[in-house]
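Below you'll find the structure, written out as structure tokens, and then a few comments.
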Amino acid sequence: SFWNRMYEVNSSIAYLYLQKNDYDSAHQYYEDALRIARETNDKLNEIQALNDDAGLFYNQSKYDKALEIYLTAMQKSEAVNFREGVALSSMGIGSVFNQQMEYDKALRFYGEALSANEINLDTAGIAMCQNNIGTVYEKKKEFKKALDYFQRALKLKQRMNDKSGVELSLSNIGNIY
């Protein structure tokens, strides 16, 4: 439809501005995409726009604002049983808590994201969660647990033939030793 296309255009333009580190312009286009999604009652695109905007604030180290938006996106995802949205929002919330050194909270939300990705059979999402969980355990100096998660992620990345993912996993494993 016309409005779905307008949503996609605004979201794509926002992403281009984000790549140029023009956060104000990116935010404006994400807001426009969000407005279109709300006006057309498109819940899935509304959730995507919220997660995108939260990521924008996260990239600027504006963690409180990112957390607020991620929580809204997660609540909306749960309300419509949108597991991909739950996974994405939970991952974002976990990353905020990880940056704020609230590691137990980070693990809780990364665990929720992992569960949602497992339900969705999203192999790339599962591997990303496993790497993130491993990173938190590494920061907590729980190296055996960190290594276990890094090795799980490595196996998935190898199965997916994701060369950069394999490289990241091997680097994470090397950091443990």
Side-chain angles (χ1 to χ4, degrees), residues 1-100 105-106 108-133 153 156-157 159-166 168:
S1 77
F2 171 77
W3 289 111
N4 192 46
R5 189 73 188 123
M6 289 303 298
Y7 167 86
E8 290 172 8
V9 166
N10 278 282
S11 186
S12 295
I13 293 171
Y15 180 76
L16 292 174
Y17 277 118
L18 180 60
Q19 296 306 302
K20 294 172 65 175
N21 295 324
D22 183 346
Y23 297 118
D24 292 337
S25 297
H27 174 65
Q28 185 57 52
Y29 279 95
Y30 281 139
E31 284 290 312
D32 289 345
L34 179 60
R35 180 184 46 76
I36 291 167
R38 285 181 171 156
E39 287 176 2
T40 59
N41 201 30
D42 185 339
K43 299 293 185 199
L44 302 187
N45 277 338
E46 177 184 0
I47 292 162
Q48 184 63 51
L50 286 166
N51 277 314
D52 289 342
D53 207 24
L56 175 81
F57 286 106
Y58 177 86
N59 287 338
Q60 297 175 79
S61 302
K62 296 179 180 178
Y63 300 123
D64 291 337
K65 184 69 174 169
L67 181 61
E68 174 189 330
I69 298 170
Y70 277 132
L71 286 167
T72 299
M74 189 167 74
Q75 290 165 346
K76 290 181 178 288
S77 295
E78 289 171 341
V80 296
N81 200 28
F82 181 43
R83 300 303 308 165
E84 291 88 353
V86 170
L88 191 57
S89 302
S90 296
M91 181 74 82
I93 293 167
S95 294
V96 167
F97 284 131
N98 190 10
Q99 286 298 320
Q100 294 177 330
K105 288 181 182 178
R108 186 177 121 224
F109 283 97
Y110 284 153
E112 287 182 25
L114 178 60
S115 295
N117 282 316
E118 288 171 343
I119 290 168
N120 296 337
L121 304 176
D122 179 353
T123 306
I126 292 168
M128 186 183 304
C129 290
Q130 290 170 335
N131 258 325
N132 287 350
I133 291 169
L156 289 178
K157 294 294 185 175
R159 210 169 48 200
M160 295 165 45
N161 200 27
D162 176 355
K163 290 180 178 34
S164 65
V166 167
L168 173 65

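Counting from 1, the numbers follow the sequence of the chain as shown. Only heavy atoms go into these numbers, but all of them, side chains included; no hydrogens, no water, no symmetry mates.
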Sidechain-backbone polar pair: [X] side chain, [Y] backbone, donor-acceptor under 3.5 Å:
{"X": "Q28", "Y": "D24", "answer": "no"}
{"X": "N98", "Y": "G94", "answer": "no"}
{"X": "S11", "Y": "Y7", "answer": "no"}

Close side-chain approach of [X] to [Y], heavy-atom, < 4.5 Å:
{"X": "D122", "Y": "E84", "answer": "no"}
{"X": "I69", "Y": "L56", "answer": "no"}
{"X": "D53", "Y": "L34", "answer": "no"}
{"X": "Q100", "Y": "D64", "answer": "yes"}

Once you round to the nearest 0.5 Å, how far does [atom1] of [X] lie from [atom2] of [Y]?
{"X": "R83", "Y": "S115", "atom1": "CZ", "atom2": "OG", "result": "8.0 Å"}
{"X": "T72", "Y": "L67", "atom1": "OG1", "atom2": "CG", "result": "9.5 Å"}
{"X": "Q60", "Y": "F57", "atom1": "CD", "atom2": "CZ", "result": "6.5 Å"}
{"X": "I133", "Y": "M128", "atom1": "CD1", "atom2": "CE", "result": "12.5 Å"}
{"X": "L156", "Y": "Q130", "atom1": "CG", "atom2": "CD", "result": "5.0 Å"}
{"X": "L50", "Y": "N45", "atom1": "CG", "atom2": "CG", "result": "11.0 Å"}

Exercise. Does the side chain of Y30 come under 3.5 Å of the side chain of D32 through a donor N or O and an acceptor N or O?
Worked result: no
For this session: Examine the side chains of S95 and Y110 and answer whether a donor and an acceptor come within less than 3.5 Å of each other.
Result: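 Short answer, yes.
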For this session: Could you walk me through whether R35 and E31 pass the salt bridge (charged side-chain N to carboxylate O under 4.0 Å, His left out) test, one step at a time?
Result: CA-CA 6 Å; R35 180 184 46 76; E31 284 290 312; over 6 Å; no
Exercise: identify the closest heavy-atom pair between [X] and [Y]:
{"X": "T40", "Y": "I36", "result": "OG1-O, 2.8 Å"}
{"X": "V86", "Y": "A116", "result": "CG1-CB, 4.3 Å"}
{"X": "A87", "Y": "A113", "result": "O-CB, 3.5 Å"}
{"X": "N51", "Y": "G85", "result": "ND2-O, 3.9 Å"}

For this session: Give the intermediate values and the outcome of side chain to side chain contact (heavy atoms under 4.5 Å, CB included) for residues F97 and R108.
Result: CA-CA 10 Å; F97 284 131; R108 186 177 121 224; over 6 Å; no
Problem set entry | Centroid-centroid under 6.0 Å between H27 and Y17 rings | no
Exercise. Checking side chain to side chain contact (heavy atoms under 4.5 Å, CB included) for the pair D42/E46: CA distance, chi angles, key distance, verdict?
Worked result: CA-CA 6 Å; D42 185 339; E46 177 184 0; over 6 Å; no
